[in-house]
There are 2 protein chains.
Amino acid sequence: MSVAEETPGGEDMPWGEVTPEAARRLLVAAVEAFAERGYHATTTRDIAGRAGMSPAALYIHYKTKEELLHRISRIGHDKALEILRAAAAGDGTAAERLADAVRSFVRWHAERHTTARVVQYELDALGPEHRAEIVELRRESDAAVRGIIDEGVAAGEFDVPDVPGTTVAVLSLCIDVSRWFNVQGRRTPDEVGALYADLVLRMVGAQKK
Amino acid sequence: MSVAEETPGGEDMPWGEVTPEAARRLLVAAVEAFAERGYHATTTRDIAGRAGMSPAALYIHYKTKEELLHRISRIGHDKALEILRAAAAGDGTAAERLADAVRSFVRWHAERHTTARVVQYELDALGPEHRAEIVELRRESDAAVRGIIDEGVAAGEFDVPDVPGTTVAVLSLCIDVSRWFNVQGRRTPDEVGALYADLVLRMVGAQKK
DNA sequence: AACGAGGGTGAGCAAGCGCTTAGAGACCGG
DNA sequence: CCGGTCTCTAAGCGCTTGCTCACCCTCGTT
């Protein structure tokens, strides 16, 4: 969709759609600060300082501190939903698509765990209208995963007594990766993704290949 | 262990060990406020107001706002660890004990989800020494669950390629209940506990009875 | 009746907060 | 060479924060 998100080389560049550059620097600084200390414990002076600017510079690019959080949250949720929908729309059996969805969703939560932490755990700091907008995106993520599971059940691939409950559990499991994942830890994002894909296939009762 | 935790009637009374009564009222008010708005967004005036007291009264019973959070976190983690150890020490097969652990651990996170939210998600707001103390308790919770899984593998009941990874996933799944659980939602704590116990047994490859 | 101890309050301090404003410098079309 | 636009800063305003302090009230004991 977005042109700015990819460099000519092809590798994806996070926050590439945020312009001008000073606005992006402020946003990246805010992501780090929010992830480390939480939204409410982060000061506008801290964000500006990390971006190498004065506190007032923030207000040229963003109306309020809350708008900064909203931009982060919106972009992050868009990306998460895109990942899930891409996996759901792929070809292959329901088991393959579910494994693919979990693997890439978990990898994103591990690789970009600072961003994910803000996106997943600072929802309550948004104002009412902004929160409503984000909640709708989350509903759609839930629907994407539920769709794959539904199809797996219909095709006789899965054995799932409680589809909505299992959907919540699968998403919950993936999301919580951003809370405990540590870059210094033993596992790479790829390894966690593979482990979790296997665990989720067991949860839905997919027969092993 | 604690005498004050049980009334003569026998039903357990949360925060019964906190005395005097004014200190308990303040602590309960703090749990509610922290769970609703987060530690940093909660003011000492708000806590005191909910407890029907003046802001200064808080400092008769607690040295700082952080000490209040530490007391909550400590008592909550003690309770969580007690639940897991009780299940691990029970009799029955490893599958039965694992299901029991997940069922009661999840039930606690759903029933007392305000407390659990503070306990599980406000860890970073603690000072360094207090956090270290709590992190040790979490390590012991991890060990309790890993112990059950280890025994299940040794007895040939479970099929688990990655025991540490699966342990993290199981605990993560349970803990995250406190984030999404809603009292107005469709499911009771008992139902979520039963669902999750079943899902976890599938994750460890326990054969169904 | 006098007393000390301890739980409680009203007022307020120093510091830090989100955010605004006046103006400086850089850039650019004419 | 000018005037307008855009980005950024120094200073600071009004307010809230965590916490303190001087004082009061209610006790059980002597």
Side-chain angles (χ1 to χ4, degrees), chain A residues 4 15 17-73 118 122 124-131, chain B residues 4 15-73 118 122-131:
Chain A
W15 312 120
E17 66 264 62
V18 182
T19 54
E21 199 240 339
R24 180 167 53 242
R25 258 170 40 225
L26 283 163
L27 190 136
V28 168
V31 169
E32 283 172 21
F34 291 163
E36 265 177 39
R37 305 138 89 113
Y39 174 80
H40 289 292
T42 300
T43 70
T44 54
R45 285 162 175 81
D46 182 22
I47 297 169
R50 285 178 194 243
M53 301 166 104
S54 86
L58 198 151
Y59 293 90
I60 293 161
H61 301 282
Y62 302 95
K63 259 204 314 245
T64 63
K65 181 178 148 188
E66 192 264 354
E67 189 193 311
L68 240 179
L69 175 62
H70 172 243
R71 287 280 275 269
I72 295 167
S73 197
V118 178
E122 301 290 347
D124 291 344
L126 289 169
E129 335 75 47
H130 283 162
R131 179 158 66 243
Chain B
W15 311 121
E17 65 263 63
V18 182
T19 54
E21 199 239 340
R24 179 166 53 239
R25 257 169 41 222
L26 283 165
L27 190 136
V28 169
V31 170
E32 284 173 19
F34 290 164
E36 266 176 39
R37 301 139 90 116
Y39 174 80
H40 289 293
T42 300
T43 70
T44 54
R45 280 168 242 265
D46 183 21
I47 298 169
R50 285 177 194 243
M53 302 167 103
S54 86
L58 198 153
Y59 294 89
I60 295 162
H61 301 283
Y62 303 94
K63 259 206 309 245
T64 63
K65 182 179 148 187
E66 193 265 355
E67 188 192 312
L68 240 180
L69 176 61
H70 173 243
R71 287 281 275 271
I72 294 167
S73 198
V118 178
E122 301 291 346
L123 217 121
D124 291 342
L126 290 169
E129 335 76 46
H130 283 162
R131 180 159 65 245

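Given the structure is predicted, the values throughout are model-derived calculations rather than measurements. Chain letters run A, B, ... following the sequence lines, proteins first, then strands; residues in each count from 1.
- Rounded to whole angstrom, the span from the CD atom of A:Glu67 across to the P atom of C:dC19 amounts to 10 Å.
- Remark: P of D:dG18 and CD of B:Glu66 are 13 Å apart, rounded to the nearest angstrom.
- In this structure, the nucleotide among D:dA10, C:dC19, C:dG10 sitting nearest to the side chain of A:Tyr59 is C:dC19.
- Here the CD1-CG distance, from B:Ile47 to B:Leu26, works out to 8.0 Å after rounding to the nearest 0.5 Å.
- In this structure, B:His61 reaches the C:dG8 phosphate: one of its side-chain N or O atoms is under 4.0 Å from OP1 or OP2.
- Look at CG on B:Leu58: it is 9 Å from P on D:dC19, rounded to the nearest Å.
- The backbone N or O of A:Ala23 lies less than 3.5 Å from a partner atom in the side chain of A:Tyr62, making a donor-acceptor pair.
- When rounded to the nearest whole Å, the span between OH of B:Tyr62 and P of D:dC19 equals 14 Å.
- Separating the CD1 atom of A:Ile60 from the C1' atom of C:dG23 is a distance of 12 Å, rounded to the nearest angstrom.
- A:Ser73 is not listed as a side-chain neighbour of A:Arg131, based on a closest heavy-atom distance of 4.5 Å or more.
- Contacts between residues 22-47 of chain A and DNA chain D, defined by a heavy-atom separation under 4.0 Å, are made by A:Ala22, A:Arg45.
- Closest to the B:Ser54 side chain, of the nucleotides D:dC19, C:dC19, C:dG10, is C:dG10.
- Take the nearest nucleotide of DNA chain C for B:Ala57 and for A:Pro55: the residue whose nucleotide is more 5' is B:Ala57.
- Other residues, nucleotides and ligands place more than 12 heavy atoms under 6.0 Å from the CZ atom of B:Arg25.
- Within 6.0 Å of CZ on B:Arg50 lie more than 12 heavy atoms contributed by other residues, nucleotides or ligands.
- Heavy atoms from other residues, nucleotides or ligands lying under 6.0 Å from CZ of A:Arg37 number 12 at most.
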